[in-house]
2 protein chains.
Amino acid sequence: MHPPTVEDVARAAGVSRQTVSNVLNAPERVRPETRQRVEAAIDQLGYRPNRVAQSLRASTSRMIGYRIEPMHPQSLSSIHDRFLHALAEAGRAADHHLLLFTANDPEDEVANVQALHRAGAIDGVILYGISTADPRPPGLRQLRIPFAAFGRTGADSAHSWVDIDNAAGTAAAVDHLVAGGHRRIAFVGYPEGAAAVGDRRAEGWRTGLDRHGLLAGSRHLDLRGEDSLATGAWLGEALLDHPTPPTAVVAATDTLAAGVLRVVQRRGARLAVVGFDDTPTAAALDLSSVRQPIEAVGHAMIRALLGGGTEPTAQLLPPELIVRASSAPQLNPDPLGATP
Amino acid sequence: MHPPTVEDVARAAGVSRQTVSNVLNAPERVRPETRQRVEAAIDQLGYRPNRVAQSLRASTSRMIGYRIEPMHPQSLSSIHDRFLHALAEAGRAADHHLLLFTANDPEDEVANVQALHRAGAIDGVILYGISTADPRPPGLRQLRIPFAAFGRTGADSAHSWVDIDNAAGTAAAVDHLVAGGHRRIAFVGYPEGAAAVGDRRAEGWRTGLDRHGLLAGSRHLDLRGEDSLATGAWLGEALLDHPTPPTAVVAATDTLAAGVLRVVQRRGARLAVVGFDDTPTAAALDLSSVRQPIEAVGHAMIRALLGGGTEPTAQLLPPELIVRASSAPQLNPDPLGATP
DNA sequence: TTGTACGCGTTATCAC
DNA sequence: GTGATAACGCGTACAA
């Protein structure tokens, strides 16, 4: 009825429970013949070491905490799903599992992590959605709870983190648009200082323009607002209504890009658009977008969290530009090839 | 350094460890005076009972397994994120946590669940994405592993499940469109038999039409294909090219609806569209959609899984139609009110 | 090589 | 009411 224990296996194999443990944890110590007998018994009984007992004994849960946030309804689906799967997959390779918990805000998250950690339920935690002055890294550091962050805070970097090179992403988008003949390339993004990723994406756009000598006189091409579809549309209108409108725009998110795209389609304007995150919506809208290598991020974070050393690890991963119809040289072609 | 144990609390409060345990698990047995002293010590030390030890003792992990799937890239982001959060939130109320794991396919999922269950890592599992002839319910039933399924299989229902009344959702969409003056209302969905939800959504459309006496001569208005944007566009073309085209269409998913919508916009056609799932993309496209009460589903499933009884529980929850511009009486109005 | 004893932290049972 | 004892399953130092 109940799952078999080492004792059961030992009885079945005619050895002591110790020998069974040795077969599993120090196979070289046991005679091959005996080992085979024990292994046969293990297979036959379907024995699995009890993780709870192992955890108690080793005082390590092999569990990693992760806060699951309610989805922001206004923003498009994020890369969150992909990230979670990548983490779970990477954890599996290290024989660790993810434990999901909820929290009302970052402070509450720290409190909940502490509770779980004190209770021995988790060994560490993965932080998602890092903001410029995020209270979680310093809080957890003070509590001496192992963690790794996806993203960098504004100043502090005395902890392990993995991040996408956001600036490189938008810069690549600019390169792509320039290669397509565009000279007036706008940017729509979060207000400066609102989010670290936002600032870095804006910076990449500027860098990209500068690289091609297009930075001069581009001030009116830099528009900001909250991350919503309506804002994207509003900013798109503003861009198109300018006396010297841009021919292309780089957006800090697919959400903003989708807003711009809607205006473009309604007005029948010619304006290339590139988004960021490569969300499913981007594919749906045939929107070019900068894709984050989330799977790699997941693996890197698990490594950073579990990988031995006490010294912090830092890792910056390059994103990849996915080109679709929204920024193709010939603007707004039939995306599906169904009609002329 | 290490988290405090009952022993530490007992020492601090000048009692035996037993009394501490009693304060926590049978407060009425201990003198109020002593209790207060112990509680003070608990607060002061920040003591949290070790869950691992509790699990070993009680042989129950208070963990619920959940398979996290890689996102289907062609399909729009599902309601998966919302569902996971709802589960975690509901689990919290019952002092349970979600443990994430991965698997290659349903058979592999059953195998992994069995391994986790034998290892004492999980008490039960929540099943997502149930298909018509899903092997998981019978498999887990045979293994006597507690589980609850989001969705029903084709025939078997000898287990606990919670589902959305999909038929009611599409029927409501039809009602809404009829109220808007539509008489020729088409349906685009999965091929018959491909998925249980697909069949039920088709059935609801048929029921809805029948209710208004519109079923006759609607055969050419029922189109099927795989769940992708391209298919949606293709089917949309087919509908519009018909000698007597529909004036409205109910789609089995937001993905298909988005495909139809794209064709509508490109051709400037007049065709109301209603999707299903109310994904973020639906909001982005101003697409009317049937919203599933996912939070309620999450709570119901946790209750079904943990709520005592051995007899299976069945629960059918009503969806809600979210009306947006794509199906508004006046077709394709300016969705943002920015231009005339 | 194999068996014996102990402890990880908790809780339930049973005397006091 | 309170305190000692045993047990959950495992790993490991120790002795045989």
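Values below: all heavy atoms of this structure, side chains included; hydrogens, waters and symmetry mates excluded. In what follows, chains are A, B, ... by sequence order, proteins preceding strands, each numbered from 1.
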In whole Å, what is the span from the CZ atom of B:Arg51 to the P atom of C:dT10?
13 Å

What one should report as the nearest heavy-atom pair of A:Ile164 and A:Arg152 is O-NH2, 4.1 Å

Is atom CD of A:Glu107 surrounded by more than 12 heavy atoms (other residues, nucleotides or ligands) closer than 6.0 Å?
yes

Using a cut-off of 6.0 Å, state whether more than 12 heavy atoms not belonging to A:Arg17 lie near its atom CZ.
no

Does B:Gln54 place a side-chain N or O at less than 4.0 Å from the phosphate oxygens OP1/OP2 of C:dT11?
yes

So, OP1 or OP2 of D:dC10: does either fall under 4.0 Å of a side-chain N or O from A:Asn50?
no

Side-chain N,O (A:Ser21) to OP1/OP2 (D:dC10) below 4.0 Å:
no

Between A:Thr153 and A:Asp134, is any side-chain donor less than 3.5 angstrom from a side-chain acceptor?
no

Examine C:dT10: is either OP1 or OP2 under 4.0 Å from a nitrogen or oxygen in the side chain of B:Tyr47? Give yes or no.
yes

B:His2 NE2 - C:dG9 C1' separation (whole Å):
13 Å

How would nucleotides 2-8 of chain C be written as a contact map, 5' to 3', with B for base contact, S for sugar-phosphate-only contact and - for no contact, using protein heavy atoms under 4.0 Å?
BBB--BB

Tell me every residue that passes side chain to side chain donor-acceptor pair (under 3.5 Å) with B:Arg31, counting only those two or more places apart in sequence or in another chain.
none

Using whole Å, report how far CG of B:Leu45 lies from C1' of C:dG9.
15 Å

Are the aromatic rings of A:His159 and A:Phe147 close, with centres under 6.0 Å apart?
yes

Just the rounded figure in Å: distance from C1' of D:dC10 to CG of A:Asp8.
13 Å

Rounding to an integer number of Å, can you tell me how far A:Glu33 CD sits from C:dT1 P?
12 Å

Please report, rounded to the nearest Å, how far the P atom of D:dG3 is from the CZ atom of B:Arg11.
14 Å

For atom CZ of B:Arg118 and atom C1' of D:dC10, their distance in whole Å
17 Å

Nearest-nucleotide comparison on DNA chain D, the residue closer to the 5′ end among B:Glu28 and A:Asn25
B:Glu28

Less than 4.0 angstrom from a charged side-chain N to a carboxylate O is my criterion; do B:Arg51 and B:Asp95 meet it?
yes

